[in-house]
Amino acid sequence: MIDQRLVRDNPVAIARQIGRRGHAVDLIKLQVILQQQRQLEEERSTLQAQGNRIGKEVGLKIKDGADPGGTEIVSLRDEGNFIKKKVSVLENEEKILTSQIREQLLTYPNPPSEECPDGSSEADNVELRSWGTLRQEQGLEEHWQIAERLNLFDTERSVRIAQSRFITLLGQGARLERALINFMLDRHTAKGYREVLPPVLVNTASLTGSGQLPKFAEESFRCADDDLWLTPTAEVPLTSLHRDEIIPADQLPLRYVAYSPCFRREAGSYGRDTRGLIRLHQFNKVELYWFVHPDQSEGSHEQITADAEAILQALELPYRVLDLCTADIGFSAQRTFDLEVWLPGAGAYREISSCSICGDFQARRSSIRTKKGKNTQLVHTLNGSGLAVGRTMAALLETGQQADGSVLLPKALVPYVGCDRLQPE
RNA sequence: GGAGAGGUGGCCGAGUGGUCGAAGGCGCAGCACUGGAAAUGCUGUAUAGGGGCAACUCUAUCGAGGGUUCGAAUCCCUCCCUCUCCGCCA
């Protein structure tokens with residue numbers, strides 16, 4: 001959420017910043033409402049102060065022996081009643097404005113940071129660096145072909161169990177998925193991350209706090225009879241882990257790593273990536289999440305990205321790093337670095353991690369603050385996938401495929417899987 | 001699912017209509033004492049919004065919303081949540 005004081009003081013500047021995302025916004029109307037609201041609040045609190053004075057006066061006079069039914073007390077009561085009526089009128093108007101303000105504020109995306117490159121589509125994303133040597137020979141299989149051959153998962157039966165875009169991993173496939181989750185968690189916790197296994201059903205407040213609601217309701221699965229949704233990413237429960245809290249400054253930064261299944265409707269992606277592990281309604285992800293003091297967020301974006309990259313490097317998976325342009329960053333992000341892994345079979349890079357710095361955007365929505373002495377301020381939050389597990393498996397299959405049909409696994413993974421290659425069962 | 005209890009500041013806990021943002025304790029911070037520490041003593045210690053250079057001050061907040069009243073943490077109504085016991089269950 002953007003700071004309403006900024007909208008009140010300089011709506012044009014904020015609108016211009018948000019406008020860099022490609023859609024013009026007009027904050028002048030909101031500014032007017034904010035000014036009205038502030039004026040109402042001023043009037044109301046002045047009246048309430050008067051009312052409070054009368055209340056005290058009546059109490060004191062009665063205590064001093066004044067006749068509760070006497071003219072003096074009665075006239076004070078009348079005055080109190082008069083003020084009360086005026087206050088309640090103002091309060092009602094104010095309440096309407098306040099909820100309008102919040103409703104609107106919640107719909108505006110985070111203004112991109114100064115460093116975020118301008119652009120109008122994903123074509124304007126900037127490649128920052130790449131790592132590893134790409135396999136580019138002809139005739140390589142795509143991951144779903146390999147998986148089918150090795151019997152790692154069953155697509156058709158998954159439709160029977162659920163619907164399309166769900167996957168059932170089998171045998172070595174299931175084992176590899178589990179190995180990857182453990183491997184990633186171990187690597188991150190070894191670096192000082194605190195491991196979290198959160199609920200995967202989250203309430204509306206949690207989704208609003210991290211920025212998925214109100215704008216992206218159609219992307220999430222909702223439980224019909226409860227105020228609960230299937231989480232689209234562990235970022236949601238991790239943000240709400242400290243919602244409505246004040247974290248002592250000396251405890252920051254807090255760095256969490258959470259494995260969770262993630263659920264997304266993938267509305268509007270009909271026909272894309274229909275085979276294999278790339279785009280599913282349910283997938284596994286290990287997520288990194290930082291709460292940092294605003295004075296210390298410098299450099300943290302690069303660090304969290306490096307932590308995600310370390311997994312790709314340990315798995316010997318070539319990738320590149322993109323600095324997403326203003327048109328391509330997510331709703332809550334100020335700036336985002338995407339990691340794209342090389343899929344030799346598909347002959348393309350695919351997003352496998354998205355590392356974002358959100359500034360105080362989520363912290364304001366979720367009311368997460370920190371305190372140093374008397375100074376209370378919003379924390380800054382960062383998140384990054386470390387990594388998307390299904391897509392990691394896809395990359396491993398395509399990268400490790402051998403002429404004899406087996407798949408060679410990276411050395412680091414051998415202790416987790418229990419063998420150095422996957423072979424037909 | 002059945003029965004009961006309860007939601008007060010960072011925590012514990014008092015407070016059943018009047019100057020209560022709220023006793024007391026714990027914790028925390030500063031100061032004093034000490035060679036240093038412990039113990040002790042003193043002082044301070046919520047959040048949000050408004051005004052003021054500041055000291056400071058006004059308003060709101062005792063789960064949420066509504067009501068009664070000149071005045072509500074305290075009385076009434078509705079809702080939410082938590083806990084305990086029983087049942088069921090991974």
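Residue numbering restarts at 1 for every chain, and letters A, B, ... go by the order of the sequence lines. The structure displayed is predicted, hence computed values, not measured ones.
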N/O (side chain, [X]) to phosphate O (OP1/OP2, [N]) under 4.0 Å:
X      : N     : value
A:K84  : B:G71 : yes
A:N52  : B:A60 : yes
A:R44  : B:G49 : no
A:R369 : B:A48 : yes
A:R5   : B:G49 : yes

Pairing check on [N]: which nucleotide meets the Watson-Crick or G-U wobble criteria with it, both distances under 3.5 Å?
N     : answer
B:A55 : none
B:G10 : B:C26
B:G41 : B:C31
B:C83 : B:G4
B:C20 : none
B:U69 : none
B:A46 : B:U61
B:C89 : none

If you pin A:G59 and A:E41 to their nearest nucleotides in RNA chain B, which one's is more 5'? A:G59

If you pin A:I62 and A:G80 to their nearest nucleotides in RNA chain B, which one's is more 5'? A:I62

Let's see if you can work this out: which of [options] has an atom nearest to the side-chain heavy atoms of [X]?
X     : options             : result
A:K56 : B:C58, B:U19, B:A60 : B:U19
A:E42 : B:U59, B:G50, B:C70 : B:G50
A:L60 : B:U19, B:C58, B:G50 : B:U19
A:K95 : B:U47, B:G71, B:G65 : B:G65

Indicate whether any N or O donor in one side chain lies under 3.5 Å from an N or O acceptor in the other, for [X] and [Y].
X      : Y      : value
A:Q145 : A:R149 : no
A:S158 : A:T168 : yes
A:W229 : A:T204 : yes

What is the separation between atom [atom1] on [X] and atom [atom2] on [N], rounded to the nearest whole Å?
X      : N     : atom1 : atom2 : value
A:D227 : B:A64 : CG    : C1'   : 14 Å
A:I368 : B:G10 : CD1   : C1'   : 17 Å
A:Q4   : B:G49 : CD    : P     : 8 Å
A:L105 : B:G49 : CG    : P     : 13 Å
A:E79  : B:C70 : CD    : P     : 13 Å
A:K371 : B:G9  : NZ    : P     : 15 Å
A:L40  : B:G50 : CG    : P     : 14 Å
A:I247 : B:G10 : CD1   : C1'   : 14 Å

Only one of A:K85, A:K84, A:E91 forms a side-chain contact (heavy atoms from CB on, under 4.5 Å) with A:V87, so which one is it? A:E91

Does [X] reach a base, just sugar-phosphate, or nothing at all? Heavy atoms under 4.0 Å.
X      : result
A:I83  : nothing
A:I73  : nothing
A:R8   : sugar-phosphate
A:T376 : sugar-phosphate

Roughly how many Å apart are [M] and [N], using the [atom1] atom of each and rounding to a whole number?
N     : M     : atom1 : result
B:A55 : B:A37 : P     : 32 Å
B:G1  : B:C88 : P     : 16 Å
B:G9  : B:U47 : P     : 13 Å
B:G21 : B:A73 : P     : 8 Å
B:A29 : B:A46 : C1'   : 15 Å
B:G67 : B:G13 : P     : 33 Å
B:A38 : B:G18 : C1'   : 46 Å
B:C33 : B:C83 : C1'   : 46 Å

I'd like to know if the side chain of A:Q172 and the backbone of A:L422 have a donor-acceptor N/O pair within less than 3.5 Å. no

Does any N or O in the side chain of A:T370 come within less than 3.5 Å of the main-chain N or O of A:I247, such that one atom is a donor and the other an acceptor? yes

Lys NZ or Arg CZ of A:R194 over A:Y256 ring: under 6.0 Å, within 45°: no

Would A:R350 and A:D273 satisfy salt bridge (charged side-chain N to carboxylate O under 4.0 Å, His left out), going step by step from the backbone distance to the final call? CA-CA 11 Å; A:R350 283 316 285 253; A:D273 309 314; 3.0 Å; yes

